[in-house]
Amino acid sequence: MNYKAKLNTKFYFVSLFLLSLVVFIWWGIYFLNTNVILMEDNTPMTADIKLFFTVALSVVGLSWTLSLITVIRQIILGYAFSIDENGIHNTATALNIFAFIFVIPIKNIPLNAINKIISENNVLTIYFDKDQINCFPLFRFFARKRFTFFYGFTTDNQKIIEAEIKKFIK
């Protein structure tokens with residue numbers, strides 16, 4: 001591997017926050033289904049309403065749990081991504097839709113999939129063809145067509161990352 005980008009300490013705080021969210025949502029589902037919850041008029045919540053909330057919370061909890069597993073995978077690897085002559089490896093991208101958090105593990109972004117590299121306002125962004133990335137096929141739908149290097153990467157680190165990518169693209 002020619003370049004390995006280290007994880008930032010912010011990443012660990014975000015992972016602890018995500019862990020607390022996952023524990024809270026699954027505890028909330030348990031609490032919802034094991035206790036009598038009163039409505040505004042002091043009548044018990046009906047089974048239909050409990051089922052609706054259970055399904056909604058379960059979908060959110062499942063997305064957060066899968067995202068937490070991806071974050072734990074990044075922590076075990078010990079680095080945010082690596083770059084070599086074959087592409088960008090072992091990275092993840094995140095997408096937030098309403099309360100859903102989808103952190104998609106990406107095994108490989110081949111260098112020939114990269115369409116352009118933009119560096120402006122201290123933010124390095126690569127745009128790529130998401131059909132060429134190597135990830136679990138069902139997760140490809142949630143992957144974005146761009147990857148942004150900003151949190152935890154100083155301007156100097158971004159210049160090194162950009163130089164490494166451009167070195168292999170030429």
Side-chain angles (χ1 to χ4, degrees), residues 4-82 87-109 113 115 118 121-154 158:
K4 283 188 178 182
K6 297 178 185 177
L7 293 175
N8 188 339
T9 54
K10 292 177 191 175
F11 186 85
Y12 296 103
F13 290 118
V14 168
S15 63
L16 287 175
F17 178 70
L18 187 57
L19 175 64
S20 65
L21 284 175
V22 167
V23 169
F24 179 73
I25 198 79
W26 289 115
W27 177 83
I29 293 169
Y30 169 77
F31 181 82
L32 178 67
N33 289 295
T34 57
N35 293 292
V36 175
I37 300 171
L38 300 177
M39 303 289 280
E40 289 179 2
D41 58 357
N42 286 332
T43 58
M45 186 181 284
T46 64
D48 293 341
I49 295 174
K50 275 190 178 184
L51 179 65
F52 172 76
F53 281 120
T54 300
V55 169
L57 290 175
S58 295
V59 170
V60 171
L62 186 61
S63 75
W64 289 355
T65 303
L66 291 174
S67 297
L68 180 64
I69 291 169
T70 302
V71 168
I72 290 170
R73 176 184 161 270
Q74 290 297 112
I75 290 173
I76 290 170
L77 287 174
Y79 56 90
F81 59 89
S82 61
I88 301 169
H89 308 284
N90 297 320
T91 188
T93 184
L95 178 66
N96 299 330
I97 303 172
F98 301 115
F100 302 107
I101 303 170
F102 297 103
V103 179
I104 299 99
I106 298 174
K107 295 177 188 171
N108 185 18
I109 301 173
N115 295 332
I118 298 174
N121 299 330
N122 295 330
V123 176
L124 177 65
T125 305
I126 63 168
Y127 292 88
F128 57 88
D129 180 10
K130 75 177 188 177
D131 293 332
Q132 294 185 24
I133 63 172
N134 184 5
C135 72
F136 189 69
L138 294 176
F139 291 158
R140 187 171 285 126
F141 173 77
F142 298 108
R144 292 200 223 166
K145 293 182 179 183
R146 68 180 180 162
F147 193 84
T148 305
F149 302 93
F150 54 98
Y151 292 118
F153 297 108
T154 62
Q158 289 183 29

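Every residue two or more places apart in sequence or in another chain that forms a side chain to side chain contact (heavy atoms under 4.5 Å, CB included) with Asp41 is listed here: Met39, Thr43. In this structure Thr9 satisfies the side chain to side chain contact (heavy atoms under 4.5 Å, CB included) test with no other residue, sequence neighbours excluded. Under the side chain to side chain contact (heavy atoms under 4.5 Å, CB included) criterion, Thr125 pairs with Val123, Tyr127, Arg146, Thr148, not counting sequence neighbours.
Considering all non-hydrogen atoms of both residues, Gln74 and Ala80 come closest at NE2-O, 3.0 Å. For Gly61 against Ile25, the heavy-atom pair with the smallest separation is CA-CG2, 3.6 Å. Residues Phe128 and Arg144 approach most closely at CZ-O, 3.2 Å, considering heavy atoms.
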Please set out all donor-acceptor pairs under 3.5 angstrom arising from side-chain atoms of residues 11-19, sequence neighbours excluded.
residue : atom : partner : partner atom : Å
Ser15   : OG   : Phe11   : O            : 3.4
Ser15   : OG   : Tyr12   : O            : 2.6

Side-chain atoms of residues 131-139: list all donor-acceptor pairs with protein atoms under 3.5 Å, sequence neighbours left out, distances to 0.1 Å.
residue : atom : partner : partner atom : Å
Gln132  : NE2  : Asp129  : OD2          : 3.3

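No donor-acceptor distance shorter than 3.5 angstrom exists from the side chain of Thr70 to the backbone of Ile104, with no hydrogens or angles considered.
If you take OG on Ser63 and CG on Leu68, they are separated by 11.0 Å, rounding to the nearest 0.5 Å. If you take CG on Asn33 and OG on Ser58, they are separated by 8.0 Å, rounding to the nearest 0.5 Å. Taken to the nearest 0.5 Å, the CG atom of Leu51 stands 6.5 Å off from the OG1 atom of Thr54.
Counting heavy atoms from C-beta outward, Phe81 and Ile109 have side chains that stay 4.5 Å or more apart. Using a 4.5 Å cut-off on side-chain heavy atoms (C-beta onward), Ile126 and Ile88 make contact.
The environment of Lys50 atom NZ is dense: over 12 non-hydrogen atoms of other residues, nucleotides or ligands sit within 6.0 angstrom.
Here the rule is side chain to side chain contact (heavy atoms under 4.5 Å, CB included) with Val22, and of Ile69, Leu66, Thr65 only Thr65 fits it.
The stretch residues 27-52 participates, sequence neighbours left out, in these ring pair (Phe, Tyr, Trp, His ring centres under 6.0 Å) pairs: Trp27-Phe31.
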